Enquirer: 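Have a look at this one before I ask anything.
Bear in mind the structure is a predicted one, so any value in this text is a computation, not a measurement. When reading the values below, keep in mind they use all heavy atoms of this one structure, side chains included, and skip hydrogens, waters and symmetry mates.
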Amino acid sequence: MRALPLKRWRQAGLTAMLMLVLLMPHQAMAWLRDGHMATATLAYDMLEQRDPEAIAVILRLMRAHPDRARFDAQLGGLSGRAGDRRMFELMAIWPDAVRNTPYDHPSWHTSQRIVSSARSVIPFAFGGAQSEFGRNLAVAHDATASDSDRAVALCWVMHIVGDMHQPLHTAMWMSWRFPITDAGGQWAWVRRSPGAEPERLHRFWDAAGHPDALTLTPPGSLEAKLEPDPPADVETLSPDPETAFAHWVAHTRELAYEVAYARGRLRAGKSASSARVLPPDYVERAQAVSRVQLTAAGRRIGALLSGLR
């Protein structure tokens, strides 16, 4: 029997890898509920100062959202400014709230490249976040689209931007220990301190932006603890929003390599029973990076929604 050429072997190996990655768990939720809500509140406050008309347009569009009953139930009778800010928060978490429903799009939450000690392993990403960001942003700003379609698109824009600022939504580690990747931290287990319960690395990073780590904060308190003075260019949409978004994702992916995976120095277990304790400086740096990322996400959502009519 003739041996397959090396190129064919590579193609076969890549196909097998793709199939394995596609079977990975897709229920990761970046930043947990509070993180996404904080980005939405930051965006609302920014628009309130710079473009209050955009807020009015967004609230009008949301009246036509096909899942509006869910929003009304969660608003809990809030009205006025408090109700408007709460609506923004609910919009940002809606794509997570509708998991396993007809509205669900699991692949839209990630754009993960396989990284290793040799940096990027293959030059493309798994997950549709980057392409769906552009499509949904276009629908959201399209005055000829239906109000219901624009409302759904707005929720996805807010959520995707938040997701793509969580490092492990943009990368997954491959090594001898994780030969088919760690699934963006889903198959890697750690402890944040010697006495802490084991948790998935992805879950650790979802919670890293919270001041008290795994304990969720009261509504409205997290954004007050985020970075008060983000870099001057954090809201830049030049030369266009999709290119700017690609730069944001690339930066987040670099943080995955440099910080989340510590350039390959991170030691994680392959099961809860073998979870490794994270060094204190790793935990502190993860929290600091996450607060910066959440702040940037909120400011950028505000910039993207500015001018909406």
Enquirer: So, does Arg86 use its side chain to make a donor-acceptor pair with the main chain of Ser79 at under 3.5 Å?
Expert: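 It does not hold such a pair.
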
Enquirer: For Ala145, which residues count as a side-chain contact (heavy atoms from CB on, under 4.5 Å) partner, sequence neighbours excluded?
Expert: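 Val139, Asp142, Arg150.
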
Enquirer: Going from NE2 on His165 to OG1 on Thr295, what distance comes out if it is rounded to the nearest 0.5 angstrom?
Expert: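 Between His165 NE2 and Thr295 OG1, I get 10.0 Å after rounding to 0.5 Å.
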
Enquirer: If you compare all heavy atoms of Met87 against all heavy atoms of Leu59, which two are closest, and at what distance to 0.1 Å?
Expert: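 So the minimum-distance heavy-atom pair works out to CG-CD2, 3.9 Å.
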
Enquirer: As a quick check of understanding, evaluate side chain to side chain contact (heavy atoms under 4.5 Å, CB included) for Met172 and Val115, giving each step before the final call.
Expert: CA-CA 6 Å; Met172 43 192 166; Val115 296; over 6 Å; no

Enquirer: Establish, from distance only, whether the side-chain atoms of Gln293 and Thr252 form a donor-acceptor pair under 3.5 Å.
Expert: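 Present: a donor and an acceptor within the cut-off.
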
Enquirer: If we only count heavy atoms from C-beta on, is the Ser306 to Arg50 side-chain gap below 4.5 Å?
Expert: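 Heavy-atom side-chain distance check fails, nothing below 4.5 Å.
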
Enquirer: Using side-chain heavy atoms (C-beta onward) and a distance below 4.5 Å, is Arg113 in contact with Phe124?
Expert: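 A side-chain contact is absent here, since even the closest heavy-atom pair is not under 4.5 Å.
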
Enquirer: Looking at the rings of Tyr261 and Trp173, which for Trp means the six-membered one, are their centres under 6.0 Å apart?
Expert: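 Yes, ring centres under 6.0 Å apart.
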
Enquirer: Once you measure the plane-to-plane angle for His65 and Trp94, does it fall in the parallel (<30°), tilted (30-60°) or perpendicular (>60°) bin?
Expert: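 Perpendicular.
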
Enquirer: Nearest 0.5 Å, please: how far is CE in Met164 from CZ in Arg253?
Expert: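 Arg253 CZ to Met164 CE: 8.0 Å, rounded to 0.5 Å.
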
Enquirer: Identify the two heavy atoms, one from Tyr103 and one from Pro66, that lie closest to each other, and give their separation to 0.1 Å.
Expert: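 Between these two residues, the closest heavy atoms are OH-O, 3.5 Å.
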
Enquirer: Between Phe126 and Thr110, which heavy-atom pair has the shortest distance, and what is it?
Expert: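 Nearest heavy atoms, Phe126 then Thr110: O-OG1, 3.6 Å.
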
Enquirer: Please round to the nearest 0.5 Å and tell me the distance separating atom CZ of Phe204 and atom CH2 of Trp189.
Expert: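 Rounded to the nearest 0.5 Å, the CZ-CH2 separation comes out at 14.5 Å.
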
Enquirer: I'd like to know if the side chain of His159 and the backbone of Leu154 have a donor-acceptor N/O pair within less than 3.5 Å.
Expert: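 Flag not set: sc His159 to bb Leu154 has no pair under 3.5 Å.
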
Enquirer: Using 0.5 Å steps for rounding, measure from the CD1 atom of Ile58 to the CG atom of Leu47.
Expert: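 Here the rounded value is 5.5 Å.
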
Enquirer: Pair Arg33, Asp96 - check salt bridge (charged side-chain N to carboxylate O under 4.0 Å, His left out), show working.
Expert: CA-CA 8 Å; Arg33 179 183 175 94; Asp96 278 341; over 6 Å; no

Enquirer: Can you check side chain to side chain contact (heavy atoms under 4.5 Å, CB included) on Thr39 and Val161, steps first, answer last?
Expert: CA-CA 9 Å; Thr39 64; Val161 172; over 6 Å; no

Enquirer: Using a strict threshold of under 4.0 Å (side-chain N to carboxylate O), is an ion pair present between Asp67 and Arg70?
Expert: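 Judged by the 4.0 Å cut-off on N to carboxylate O distance, Arg70 and Asp67 do form a salt bridge.
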
Enquirer: Shortest non-hydrogen contact from Ala151 to Leu61?
Expert: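 Taking every non-hydrogen atom into account, CB-O, 3.4 Å.
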
Enquirer: State, yes or no, whether a side-chain contact exists between Met91 and Phe71 at a heavy-atom distance under 4.5 Å.
Expert: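 Yes; the side chains approach each other to less than 4.5 Å.
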
Enquirer: Is there a donor in the side chain of Gln112 and an acceptor in the side chain of Thr170, or the other way round, less than 3.5 Å apart?
Expert: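 Result is no, nothing qualifies.
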
Enquirer: Heavy-atom distance under 4.5 Å between the side chains of Phe133 and Leu304, does that happen here?
Expert: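 Heavy-atom side-chain distance check passes, below 4.5 Å.
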
Enquirer: Which word best sums up how the rings of His105 and Trp108 line up, parallel for under 30°, tilted for 30 to 60°, or perpendicular for over 60°?
Expert: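 Answer is parallel, since the angle falls under 30°.
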
Enquirer: Given side chain to side chain contact (heavy atoms under 4.5 Å, CB included), test Arg99 with His109 step by step and report yes or no.
Expert: CA-CA 11 Å; Arg99 300 273 189 169; His109 297 265; 3.5 Å; yes

Enquirer: Quick check for you: to the nearest 0.5 Å, what is the distance between Ser175 atom OG and Ile180 atom CD1?
Expert: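 These two atoms lie 11.5 Å from each other.
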
Enquirer: Is the side chain of His36 donor-acceptor paired with the backbone N or O of Ile93 at a distance under 3.5 Å, no angle test?
Expert: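 Pair absent, no side-chain N/O of His36 close to backbone of Ile93.
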
Enquirer: Is it true that Arg309 and Asp51 make a salt bridge, defined as a side-chain N closer than 4.0 Å to a carboxylate O?
Expert: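 So Arg309 pairs with Asp51 through a salt bridge.
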
Enquirer: Side chains of Asp104 and Thr101: any donor to acceptor distance under 3.5 Å?
Expert: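 No.
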
Enquirer: Within the structure provided, determine whether Phe88 and Met37 are in side-chain contact (heavy-atom separation under 4.5 Å).
Expert: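 Side chain of Phe88 against side chain of Met37, heavy atoms only: no contact under 4.5 Å found.
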
Enquirer: Is the shortest distance from a Lys or Arg side-chain nitrogen in Arg191 or Glu199 to a carboxylate oxygen in the other one below 4.0 Å?
Expert: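 Here Arg191 does not pair with Glu199 in a salt bridge, since their nearest N and O are not under 4.0 Å apart.
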
Enquirer: How about Gln186 and Leu201: do any of their side-chain heavy atoms sit closer than 4.5 Å?
Expert: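 Of all side-chain heavy-atom pairs linking Leu201 with Gln186, none is under 4.5 Å.
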
Enquirer: Counting C-beta onward and ignoring hydrogens, is there a side-chain heavy-atom pair between Leu137 and His141 closer than 4.5 Å?
Expert: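 SC-SC contact between Leu137 and His141 confirmed.
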
Enquirer: Looking at every heavy atom in both Thr181 and Trp187, which two are closest together, and how far apart are they?
Expert: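 Of all heavy-atom pairs spanning Thr181 and Trp187, the closest is O-CE3, 3.3 Å.
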
Enquirer: Salt bridge check, Asp45 against Arg81: does any charged N sit closer than 4.0 Å to a carboxylate O?
Expert: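 So Arg81 pairs with Asp45 through a salt bridge.
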
Enquirer: Within the 4.5 Å heavy-atom criterion, are Cys155 and Met62 side-chain neighbours or not?
Expert: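 The answer is yes, as the side chains (C-beta and beyond) meet within the 4.5 Å cut-off.
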
Enquirer: Do you know which two heavy atoms are closest between Val190 and Ala268, and how far apart they sit?
Expert: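 The pair with the smallest heavy-atom distance is CG1-CB, 4.0 Å.
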
Enquirer: Would you check if there is a donor-acceptor pair between the side chains of Ser238 and Thr236 at a distance under 3.5 Å?
Expert: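 Absent: no donor and acceptor within the cut-off.
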
Enquirer: Are a donor atom and an acceptor atom from the side chains of His202 and His169 found within less than 3.5 Å of each other?
Expert: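 Side chains of His202 and His169: pair found under 3.5 Å.
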
Enquirer: Roughly how far, to the nearest 0.5 Å, is CG of Asp72 from CG of Leu78?
Expert: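 Nearest 0.5 Å value for the CG-CG distance: 12.0 Å.
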
Enquirer: For the pair Met46 and Leu305, evaluate side chain to side chain contact (heavy atoms under 4.5 Å, CB included) and give the outcome as yes or no after the intermediate values.
Expert: CA-CA 10 Å; Met46 176 179 163; Leu305 301 185; over 6 Å; no

Enquirer: Just by distance, do the side chain of Arg177 and the backbone of Met174 share a donor-acceptor pair under 3.5 Å?
Expert: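 Absent.
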
Enquirer: Let me check something: any side-chain donor-acceptor pairs from residues 275-286 under 3.5 Å, sequence neighbours excluded? List them with distances.
Expert:
unit_1 : atom_1 : unit_2 : atom_2 : d
Tyr282 : OH     : Trp205 : NE1    : 2.9
Tyr282 : OH     : Ala260 : O      : 2.5

